[in-house]
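Values below: every heavy atom of this structure, side chains too, minus hydrogens, waters and symmetry copies. The structure displayed is predicted, hence computed values, not measured ones. Starting from 1, each residue takes its place in the sequence as its number.
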Amino acid sequence: MTEVTPETGKPTRAELWGLVHEERAALAADLADLPEARWATPSLCDGLSVREVLAHLTAGASLGPVRWMAGVIRCRFDFDKQVAMRLNEQLGASAAETLERFGRAVTSTTKPPLPVMAMLGETIVHGEDIRRPLGIRREHPITVLTPLAEYYADSDQVVLAKGRIEGLRLAATDGPFTAGSGSPVSGSTLALIMAMTGRADYCDELSGDGVATLRERGAKA
């Protein structure tokens with residue numbers, strides 16, 4: 001298992017890539033024996049099945065800056081259209097092919113022009129978008145979740161997160177993460193991450209006067 005640098009408490013770039021690879025490998029293992037019919041299960045991403053979300057993760061691991069920009073231009077700067085186009089490129093003809101393509105991308109360090117921490121976030125958040133509807137649980141190390149929660153609390157890059165928690169005070173009940181000021185919201189670090197990134201379902205696992213606000217903002221994601 002990749003360890004976070006103890007001196008800083010934050011992973012280095014190389015350590016981050018190690019964590020991304022571990023999360024991808026864990027997701028591939030969780031889906032290895034998934035029955036064919038369950039691949040069509042709606043994910044937590046509106047309008048996408050769990051199979052489609054997995055193809056989206058493969059696309060992100062296969063798309064360098066040049067191809068990313070070429071796609072953006074091709075789609076006339078419609079980023080949602082670009083995402084859909086790249087997802088379809090990686091979907092394959094069957095669920096087995098979708099999983100096989102993802103498996104080949106597990107150790108990839110190819111990425112769009114985003115921080116590696118954002119890639120870790122994509123892998124964990126979309127992994128949970130897939131797992132939760134399927135009833136699959138993964139115990140993510142708190143040393144991995146804490147720096148990711150700190151990243152989202154201070155960033156609106158890729159997904160609105162910092163803006164979503166404005167006026168709220170977040171505090172993890174299973175680790176050291178805290179952020180913001182205002183109405184309190186507490187719960188597990190994973191639930192806070194998922195709620196910060198717009199997954200209103202996870203608000204059921206949170207408590208505090210600010211939960212209703214966070215739920216409403218998540219519902220509008």
Side-chain angles (χ1 to χ4, degrees), residues 17 19-134 136 138 148 152 155-161 193-194 196-202 218 220-221:
W17 274 122
L19 296 172
V20 171
H21 297 161
E22 287 175 9
E23 288 295 332
R24 289 174 181 163
L27 182 58
D30 282 344
L31 299 176
D33 298 319
L34 190 68
E36 182 69 28
R38 301 206 69 196
W39 283 97
T41 301
S43 74
L44 296 187
C45 292
D46 286 344
L48 296 182
S49 67
V50 296
R51 179 184 169 198
E52 289 169 325
V53 175
L54 192 68
H56 170 65
L57 284 172
T58 305
S62 310
L63 196 62
V66 174
R67 285 192 67 226
W68 179 84
M69 181 53 70
V72 168
I73 294 171
R74 178 180 171 186
C75 295
R76 298 185 178 184
F77 292 86
D78 184 331
F79 293 99
D80 289 339
K81 185 176 180 180
Q82 147 98 334
V83 168
M85 178 181 74
R86 297 305 187 188
L87 181 161
N88 287 327
E89 288 176 353
Q90 299 297 338
L91 194 59
S94 66
E97 186 174 351
T98 305
L99 183 58
E100 180 184 2
R101 291 185 178 200
F102 180 71
R104 293 200 299 264
V106 162
T107 59
S108 170
T109 55
T110 300
K111 67 178 183 66
L114 298 170
V116 183
M117 183 65 84
M119 297 298 290
L120 178 61
E122 285 272 291
T123 308
I124 289 178
V125 171
H126 284 319
E128 294 306 309
D129 287 339
I130 291 170
R131 288 187 179 98
R132 188 179 178 98
L134 294 173
I136 299 171
R138 170 166 168 75
L148 181 60
Y152 278 128
S155 176
D156 285 328
Q157 189 174 26
V158 184
V159 61
L160 179 71
I193 287 171
M194 298 301 287
M196 272 193 283
T197 55
R199 279 67 180 175
D201 287 5
Y202 278 81
K220 295 177 180 178

Specify the closest pair of heavy atoms between [X] and [Y], including all atoms of both residues, with the distance to one decimal.
| X | Y | answer |
| --- | --- | --- |
| Leu34 | Trp39 | O-NE1, 3.4 Å |
| Pro133 | Thr41 | CB-CG2, 3.9 Å |
| Met119 | Gly60 | CE-O, 3.5 Å |
| Arg101 | Thr58 | O-CG2, 3.7 Å |
| Val159 | Tyr152 | CG1-CE2, 3.6 Å |
| Val125 | Met194 | O-CE, 3.6 Å |

Residue pair [X] / [Y], side-chain heavy-atom distance below 4.5 Å:
| X | Y | value |
| --- | --- | --- |
| Arg24 | Ser108 | yes |
| Glu52 | Pro42 | no |
| Ser43 | Val50 | yes |
| His56 | Leu48 | no |
| Leu134 | Arg38 | yes |

Should the pair Arg131-Asp30 be classified as a salt bridge under the 4.0 Å nitrogen-to-oxygen rule?
yes
Verify the distance criterion only: is there a donor paired with an acceptor across the side chains of Thr98 and Arg51 at less than 3.5 Å?
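Distance-only check passes for Thr98 and Arg51.
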Kindly say whether Thr197 contributes a backbone atom to a donor-acceptor pair with the side chain of Arg199 at under 3.5 angstrom?
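It does hold such a pair.
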Rounded to the nearest 0.5 Å, what separation is found between the [atom1] atom of [X] and the [atom2] atom of [Y]?
| X | Y | atom1 | atom2 | answer |
| --- | --- | --- | --- | --- |
| Leu120 | His21 | CG | NE2 | 10.5 Å |
| Ile136 | Leu31 | CD1 | CG | 5.5 Å |
| Glu23 | Glu128 | CD | CD | 8.0 Å |
| Asp129 | Ile124 | CG | CD1 | 12.0 Å |

Among Leu57, Val106, Thr123, which residue meets the side-chain contact (heavy atoms from CB on, under 4.5 Å) test with Leu27?
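So, applying the side-chain contact (heavy atoms from CB on, under 4.5 Å) to Leu27 and each of Leu57, Val106, Thr123, only Leu57 qualifies.
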